[in-house]
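Here's the structure we're looking at; comments come further down.
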Amino acid sequence: MKKLFILLFTLFLQISINAQSKSIEERVMELISKMTLEEKVGQMTQITLQAVSRTQGTRNQKHELDEKKLEEAIVKYNVGSILNVYDVAHSIEYWHEVITKIQDIATKKTRLGIPVIYGIDAIHGATYTKGSTLFPQALAVASTFNKNIAERIGEITAIETRASGIPWNFYPVMDLGRQPLWPRLWETFGEDVYLAQQMGMAYIKGAQGNDVSQPDKLATCLKHYVGYSFPFNGFDRTPAYMSERTLREYFLPPFEAGIKAGAKTIMVNSSEIDGIPGHANYRLLKEILRDELKFDGFVVSDWEDINRLYTRDRIASSLKEAVKIAVMAGVDMSMVPYDFSFYHNLIELVKEGSIPMWRIDEAVSRILKVKFELGLFENPYPPKDYLNKFASQEHTRLNLDAASESIILVKNENNILPLNKNMKIFVTGPTANKLSPLNGGWTITWQGNDEELYPQEKNTILEAVKSKAGTNNVLFEEGCSFDKELNTNKALQKAKQSDLILLCLGEPAYCETPGNINDLTLPEAQLNYAMKLINTGKPVILVIVEGRPRLITKIYDKVKGILIAFLPGMEGGNAIADVLFGNVNPSGKLPITYPKYPNAIVHYDYKPIESYDVNRYDPLFPFGFGLSYTKFSYSNLRLNKTEITEDDELLVSIDVKNEGNRIGKEAILMYITDLYGQVSRPNKQLKGFEKIELKPGEVKTVTFKVNKEHLSFIGLNNKRVVEPGEFIITIGGLQQKFSLK
Ligand code: BGC
C-alpha cells in the first residue's frame, strides 16, 4: 500500500513538474490537439453577462445569474469568454461570486476544463466595481505630461480589477484624438503621436508588469485598431478617410508602441476606413498587424461588429458570410454578444470547407496562449488576499495627485488666482455640484451619468470649495443646466452678494454614440448665463469640465481666470479646489489644441500650407499650453553636436529655473522641426517630455536623447525614412539647429 502510494506520488510529481517545465507554446499545442471543432469555436466566442442572467442588474434591480443558461453557454457551447455587466457596478464580493461560479463550471464541468477569460472596460480604474479608485480619464492623464502617473494608474487599475476577479481590461485606447467633435476624444491621450505612445506604454507597463500571471496584473487590450478616432463628420462610428501615409504617420504608431510594450490583445475599429469596415480589413488585421508589426496576442471584435458587417455595413449578405469575412480577415474572438449565432455559423463554415482548420487553430492558440500567460489554468479564481489593497488610502492619494496635475490653468488675469479664502464666493453652473461630469462615461454605468449612484462621500467642486473656504463664505445656485437656464434671477442676486463668481460649465457624462454633437460650441444656454454673470461686474473664474474642447470663445476674454479640467475623476472636485486656493500649483498642459472657431480645426503639428497666405494655426489655446502660479525660465539650450550621422545619439540639454517664490512642477516639452523633406513636414513635432519639480530659485538641467527614430517619417513610398538635412530643436521658446549627414 505504502509502495503504491509512493509510486503514485512520484508519478503525480513528475506530471506536475512536466506541466510546469513545458513551455506555454507546448501546452497550447497539446491542448489544441485534444480539442474538437466545437470546443475550439467556443473559445472564439465571447458573450455578454446579460446573455446568461436572469435579471440584468440596474440601479433598482439586483443582478442575478441564470445558472442554467450559464452552464449551457459554457458546457454546451464551450464559450471561452464573457464580458461586461448590464449596466451598474457590482460589489467586489458579488464579483467574486459571479467569477467563481463561471470558473467552477468552466473548470469542473467541461471536458477539458479550460478557464473562461472575463473582460471588462476598466478604463479609468475598476469602473464596474463599487467603491473602486476612479482616476482621471485618459485625456486628463495626458494633460499631466507625467508618465509616472500613467504607469501608476495602470498598476492600481490592475490591482483593483484583478482583485475583482477580472484578468482582462479593454484598455488602453490608443486611438489618436485628432477629431475634437468625436464623443470618445476623452478616452484618448490627445492629438499627439508621441504623447499617446509614451502614455500608453507607461500604462501597459504598470498594468501588465513583467508577468501578467501575478495576482495584481492583467492583460491589456489596445483599441480600436485602427483609425476609429478620425471620423470625417465627427460622429461616433462613422467613416474615416485616410491615406496609407496618414495611417502610418499618425494613427498606427500608438498601436505599434502598445505592441512593443507587450499588450496581449487588440480590439478592432468598429467603423470603417476608406469603405472597408475594420472587421473586414485583411490588410490591416493580417498584413500589417501580424506580418509587419509581429503582434502575437489575440484580436477581439468590438461589440456585435461581426454581425454588423451584414446588418449595418451590408458588405456581407448574411450573418454567416459576415462571420467568414471577419474570421478570414483576422478576427480571433467575436464579441457576439447575445447569442450563439457566431458559434453555429463558424462550425458550419469549417465543416463545409469555407474556413480552413488552420485558421481556427491559429485563432484558438492565440486565445489559449493568453489564458496560460495569465495563469488562469493554475488559478482562475479571484485572489482573496488582494481585497485589502482595493481602494486603499494610498490609491486615493495617487488619484488626488493625478487629478491635481491634470488641471490646466489657461488664464490668470492679474494673478487673480490663487484665491483668498476669506472672500465670499458664489459657486454656480451645471458642473458645480455633480460628480458625474467630473468622471464621464464608463463610471459605475456605461454612460456614467446616473448621479445618484455616485459615492456620496466624494466631493463635488462645490463641496470641495466649501471645505476649503468655509461653508459661510460660499453661496450656491445651479443657475443653469447643461442646456437650459434655471432660476437665473435668484442666481444673479446671489452673484451680486458675493466678491467672486466661480462659474462651473461644461458637459454632462456621456459615452460613445449617445455623446454625438452637431456643434462644438458650448450650448447657448451656458454661454448666455455666463454673459449675465459677467455683466454683474463681479470677477468671474471659469472652471470648465468636459470631455472635448467645447468652444468658449464668446466668453474667454471676459472672465478673469480659466481652469480646464478634462474629466479629472473622483478626486476632481478636491483637485480643482486645491488649485483654486493654491494648495496645489497647477502644472497641467493641453494635450490637444483648443480651437477658437468651429471650422478652425488645425493641429499643433500642422503642415506648412496650413500656415500660409491667410491660413493660420490660431487656436484659443495651443497644444502644450498651461500656466503656473510661479514662473519658469528656460536658458542655455545646448546640443552635444551640431552635426550627426544616423547612428549617433544627440544629447539636448536645457536649464530650467523656478523664478518665483512657490514650489512648482513643469513639464518640459521638446519639439523637433525637420526643415525640408520629400513629403511636407509638420511645423514641429513633440519628441520628448519630462516633468520636473522645482523649489523657488532652483535650477535643474533636463537632457533629452534624440536618435534617428525621432527624425524619421513616412516618405513618398509609404515607408519610414530618415533623410539627411537640417533640423531645429525647440524647447521653451529657445531654438538650436543641427544637421544630419
Ligand atoms: C466599445 C468598446 C468596448 C466594448 C465593450 C463597445 O461598444 O466600442 O470600446 O470595449 O463596447 O464594452
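These numbers were taken from a predicted model, which means no experiment stands behind them. In each ligand, atom 1 is the first atom listed, and ligand 1 is the first ligand listed.
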Close residues (non-hydrogen atom under 4.0 angstrom from ligand 1) work out to L83, N84, D121, F170, R184, K223, H224, R237, M267, D302, W303, M335, W442, E512
Who pairs with D211 by side-chain contact (heavy atoms from CB on, under 4.5 Å), at least two apart in sequence or on another chain? S213, Q214
Salt bridge present between R283 and E287 (N-O < 4.0 angstrom): yes
Does Y381 have any side-chain hydrogen bond (donor to acceptor under 3.5 Å, both in side chains) partners at least two apart in sequence or in another chain, and if so, which? D104
Do Y171 and W442 have their ring centres less than 6.0 Å from each other? no
Sorted by chain and residue number, the side-chain contact (heavy atoms from CB on, under 4.5 Å) partners of T593 (sequence neighbours excluded) come out as E191, Y604, Y617, P619, F623
Do T58 and Y86 have side chains that get closer than 4.5 Å, going by heavy atoms? yes
